[in-house]
Protein chains: 4
Amino acid sequence: MSPKTSIQFEDIRKEKRRLILDSALKVFAIKGYHGASIANIAGEAGISKGLIYNYFSSKELILKETISAGLKSMFEQYHFETENYSLEQFSKLIDITFDLLEEDYEYWKLYFSVLMQTDVMELIKDSLMEFLMPVIQNFTQLFEKLGYAKPYDEARFLGSILDGLSINYIIDPENFSKEYCVQRLKTIYKLP
Amino acid sequence: MSPKTSIQFEDIRKEKRRLILDSALKVFAIKGYHGASIANIAGEAGISKGLIYNYFSSKELILKETISAGLKSMFEQYHFETENYSLEQFSKLIDITFDLLEEDYEYWKLYFSVLMQTDVMELIKDSLMEFLMPVIQNFTQLFEKLGYAKPYDEARFLGSILDGLSINYIIDPENFSKEYCVQRLKTIYKLP
Amino acid sequence: MSPKTSIQFEDIRKEKRRLILDSALKVFAIKGYHGASIANIAGEAGISKGLIYNYFSSKELILKETISAGLKSMFEQYHFETENYSLEQFSKLIDITFDLLEEDYEYWKLYFSVLMQTDVMELIKDSLMEFLMPVIQNFTQLFEKLGYAKPYDEARFLGSILDGLSINYIIDPENFSKEYCVQRLKTIYKLP
Amino acid sequence: MSPKTSIQFEDIRKEKRRLILDSALKVFAIKGYHGASIANIAGEAGISKGLIYNYFSSKELILKETISAGLKSMFEQYHFETENYSLEQFSKLIDITFDLLEEDYEYWKLYFSVLMQTDVMELIKDSLMEFLMPVIQNFTQLFEKLGYAKPYDEARFLGSILDGLSINYIIDPENFSKEYCVQRLKTIYKLP
DNA sequence: GATGAATGAGAGTTCATTCAT
DNA sequence: CATGAATGAACTCTCATTCAT
């Protein structure tokens with residue numbers, strides 16, 4: 001009966017925000033960004049269209065936040081020191097990558113579906129770069145240590161392979177042997 | 001005095017059809033299928049919206065034709081026998097692939113942008129499979145001949161790498177060293 | 001402070017629905033189904049085009065609902081037992097019919113304008129038959145009882161006369177003497 | 001090889017005009033005025049869209065001409081003296097009316113489909129009145145001679161019955177007994 | 001905080017009409 | 001005389017966004 005404290009309000013807002021982003025992710029993954037409507041998202045979340053605008057000022061912003069929230073949570077899972085990768089960490093990173101793909105299937109589906117659309121890309125470029133740059137740099141350092149002649153190019157090469165494997169897994173998980181590919185990749189880089 | 005000959009009309013139609021498909025490709029590549037409007041395509045082509053429907057009965061059909069025209073022209077360029085790949089052909093195929101990426105940059109941008117959108121994928125699946133299946137099969141045969149334990153999985157692994165490299169080249173051609181990656185890939189497979 | 005109650009929303013919806021159907025009736029009656037546009041209806045109702053689709057999912061559906069709402073309300077006014085017409089009821093039915101024509105002028109204008117358009121007819125056939133069949137059957141029974149040699153044909157003959165009189169009244173009410181025709185019709189059938 | 005004479009040209013024009021009107025009638029009868037497109041009519045006639053505009057300056061005009069050409073040709077078939085109907089002529093007129101309905105089914109379908117649409121009606125009102133007025137006047141005179149108290153109202157009553165019977169025959173010729181109704185009508189008016 | 005009625009711009013599509021040939 | 005490519009306005013319908021309650 002007593003008025004809710006501002007802390008309680010804060011909690012409600014955070015939870016609802018989370019709910020909207022999760023619902024948006026589901027709907028975006030199925031229908032794509034342009035194909036999904038605010039009504040779809042509201043329906044999935046079980047709330048009104050109007051309420052969504054209480055939390056996000058536009059559909060574009062929902063996409064941005066969906067993507068960057070995903071990147072942030074993924075970043076947190078990598079959590080080892082940001083510099084000086086070891087071979088063990090390299091190996092582990094490959095494992096983690098594929099685990100995340102499986103775990104956050106919907107997120108990655110959205111991520112890749114949006115990756116190639118120039119105009120949507122524009123929206124998320126900043127969040128993306130913030131996350132990807134250090135990873136590429138770390139690999140560049142590692143490959144330098146390992147004696148590769150062109151460590152940056154090798155890092156891009158590795159990144160590309162991971163992208164390709166990820167996409168193929170996302171498109172058609174049934175016929176794609178994750179295990180084989182992980183093993184094969186480790187063989188190429190002589191990882192433990 | 002006399003009406004335009006049917007040959008004249010045919011020429012006009014062929015040319016205009018080409019113009020529309022080319023314009024569609026450009027616009028689709030930038031905005032994606034759902035994000036691109038018929039008005040955008042008409043604007044790019046410098047014609048009226050209505051005229052587009054004199055040539056294609058729907059937006060869906062424009063996408064289908066754009067994709068399958070691209071696949072067809074690409075298929076013609078591979079042109080070596082459809083069975084029994086040799087290592088030389090394997091090597092050459094990698095070269096050709098990256099040449100095509102450079103040559104038909106817009107097409108591949110569209111191709112990859114469309115690849116991840118479930119609903120759009122549905123529209124072009126048939127054309128796509130018709131082209132991709134034999135390629136995967138041929139590689140499976142080749143890897144079998146080369147003694148790989150799981151030739152189909154290896155074919156998918158190779159395909160994924162090519163996808164990943166292609167996408168990274170398409171997204172950011174300036175900072176991506178095509179030459180390094182081609183060379184690196186050939187080293188992995190011990191190609192000439 | 002609190003959101004609109006669902007009762008308030010329900011009231012708004014009911015009223016607006018009514019408004020749209022009434023406006024549609026007016027416009028359909030003047031321009032016919034194909035000739036009337038959603039913009040016309042929205043204009044007549046003083047609302048936006050978009051709002052109409054908040055209440056009816058298509059133009060077809062608006063027509064269907066318009067027709068069947070009219071038939072339903074008319075059916076309710078006949079209200080005497082559905083079987084075993086008497087001569088008194090026959091006589092009364094003629095009176096009611098012409099009263100309704102006067103009362104629901106616009107509805108009947110639409111009804112008849114739509115009657116002859118094959119494709120539109122297709123849309124409303126079911127609603128129509130549901131209403132008309134029992135009437136024809138009852139008259140067939142009545143004419144059988146009265147000793148007519150071909151009671152069904154006589155029922156169709158009577159129905160045709162009523163149609164013809166109705167249409168002529170609808171087209172040009174000023175110069176058409178309803179009273180004379182009602183009286184004349186009763187004379188033919190020796191009604192009270 | 002020699003240039004066609006202007007008389008030949010005249011003939012060609014007349015024939016083509018006829019062809020277009022006939023084709024328009026067929027298409028209008030099936031799809032209605034609004035539902036039929038110029039392309040449909042051109043297709044039915046086996047000519048180009050452009051050529052139609054060489055003969056008629058608008059779609060509206062095609063409708064007008066279709067209707068009034070039909071009325072004119074019908075008028076010619078009645079052909080008995082325009083004044084002083086006899087009972088024999090009355091009887092014959094009923095017969096002719098139903099013969100024409102059967103013969104020119106498509107025309108009458110169009111005629112009635114267009115009858116109730118206020119805006120289309122506007123277009124053909126003049127042609128219509130030119131034809132209908134004398135018929136109504138003649139019947140008024142006849143009913144006066146026969147001693148009816150309100151001969152004009154009786155003429156409208158008869159006209160309405162003919163309309164109603166015609167419409168019901170047009171809508172559903174299979175289940176409508178023309179013969180019964182003709183006979184019945186003659187009985188009412190004590191015709192030979 | 002929460003609702004959903006309401007808007008308006010813009011989507012894909014159709015079609016009467018024009019016009020160069 | 002005849003063609004059909006081309007236009008542009010209007011069509012049905014969708015949807016991100018606003019706002020009174």
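Proteins come first, then strands; the chains are lettered A, B, ... in the order of their sequence lines, and each starts at number 1.
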Inset, instruction - For residues N40(B) and I30(B), determine if any side-chain heavy atom of one lies less than 4.5 Å from a side-chain heavy atom of the other. - result: no
Inset, instruction - Identify whether any heavy atom of S58(D) sits under 4.0 Å from a base atom; if not, whether one sits that close to sugar-phosphate; answer base, sugar-phosphate or nothing. - result: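 If one applies the 4.0 Å heavy-atom cut-off, S58(D) turns out to touch the sugar-phosphate alone, with no base involved.
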Starting at [atom1] of [X] and ending at [atom2] of [N], how long is that distance when rounded to a whole Å?
{"X": "L61(A)", "N": "dT17(F)", "atom1": "CG", "atom2": "C1'", "result": "14 Å"}
{"X": "I12(C)", "N": "dT7(E)", "atom1": "CD1", "atom2": "P", "result": "12 Å"}
{"X": "I62(C)", "N": "dC11(F)", "atom1": "CD1", "atom2": "P", "result": "14 Å"}
{"X": "K59(B)", "N": "dA11(E)", "atom1": "NZ", "atom2": "C1'", "result": "8 Å"}

Inset, instruction - Quick one: pull up CG in D11(B) and CZ in R13(B) and give me the separation to the nearest 0.5 Å. - result: 12.5 Å
Inset, instruction - Calculate, to the nearest 0.5 Å, the distance between atoms CD and CD1 belonging to E10(B) and I7(B) respectively. - result: 7.5 Å
Inset, instruction - Runs of at least three consecutive Watson-Crick or G-U pairs, both distances under 3.5 Å, are what I'm after; which ones involve DNA chain F? - result: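 Only these stems qualify: E:2-21 with F:2-21.
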Inset, instruction - Mind running a 4.0 Å heavy-atom check of residues 31-53 of chain B against DNA chain E and sending the residues that fall below it, in number order? - result: A36(B), S37(B), I38(B), K49(B), G50(B), Y53(B)
Legend entry - Nucleic acid contacts - residues 14-26 of chain A versus DNA chain E, non-hydrogen atoms under 4.0 Å: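 Of all residues in residues 14-26 of chain A, the ones placing a heavy atom under 4.0 Å from DNA chain E are K16(A).
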Inset, instruction - Check whether any side-chain nitrogen or oxygen of R13(B) sits under 4.0 Å from OP1 or OP2 of dA5(F), and answer yes or no. - result: yes
Inset, instruction - Taking only the side-chain nitrogens and oxygens of N54(D), find out if one of them lies under 4.0 Å from OP1 or OP2 of dA2(F). - result: no
Inset, instruction - Check every atom of dT17(E), dG1(E), dA5(E) against the side chain of Y55(C) and return the nucleotide holding the closest atom. - result: dA5(E)
Legend entry - Selected nucleotide, minimal atom distance to F9(C) side chain, candidates dT12(F), dA5(F), dG4(E): dG4(E)
Inset, instruction - On the 0 to 90° scale, with breaks at 30° and 60°, tag the W108(D)-F112(D) ring pair as parallel, tilted or perpendicular. - result: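 Ring orientation, 0 to 90° scale: tilted.
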Inset, instruction - Examine distances only and state if a side-chain atom of Y33(C) and a backbone atom of E60(C) form a donor-acceptor pair shorter than 3.5 Å. - result: yes
Legend entry - Side-chain (Y107(B)) to main-chain (L71(B)) donor-acceptor, under 3.5 angstrom: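 Yes; at least one donor-acceptor contact below 3.5 Å.
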Inset, instruction - Compute both the distance and the angle, then confirm whether K59(D) meets the cation-pi test with Y53(D): under 6.0 Å from the six-membered ring centre, within 45 degrees of the axis. - result: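 Verdict for Y53(D): no cation-pi partner in K59(D).
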Inset, instruction - Measure from NZ or CZ of K109(B) to the centre of the six-membered ring of F28(B) and say whether it is under 6.0 Å with the direction within 45° of the ring axis. - result: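 No, K109(B) and F28(B) do not form such a contact.
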Legend entry - Lys/Arg-Asp/Glu bridge criterion (N-O < 4.0 Å) met for R18(B), E15(B): no
Inset, instruction - Using a strict cut-off of less than 4.0 Å between a Lys/Arg side-chain nitrogen and an Asp/Glu carboxylate oxygen, indicate whether K26(D) and D22(D) qualify as a salt bridge. - result: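 No.
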Legend entry - Nearest atoms (heavy-atom pairs only) where I20(B) meets I52(B): CD1-CA, 4.1 Å
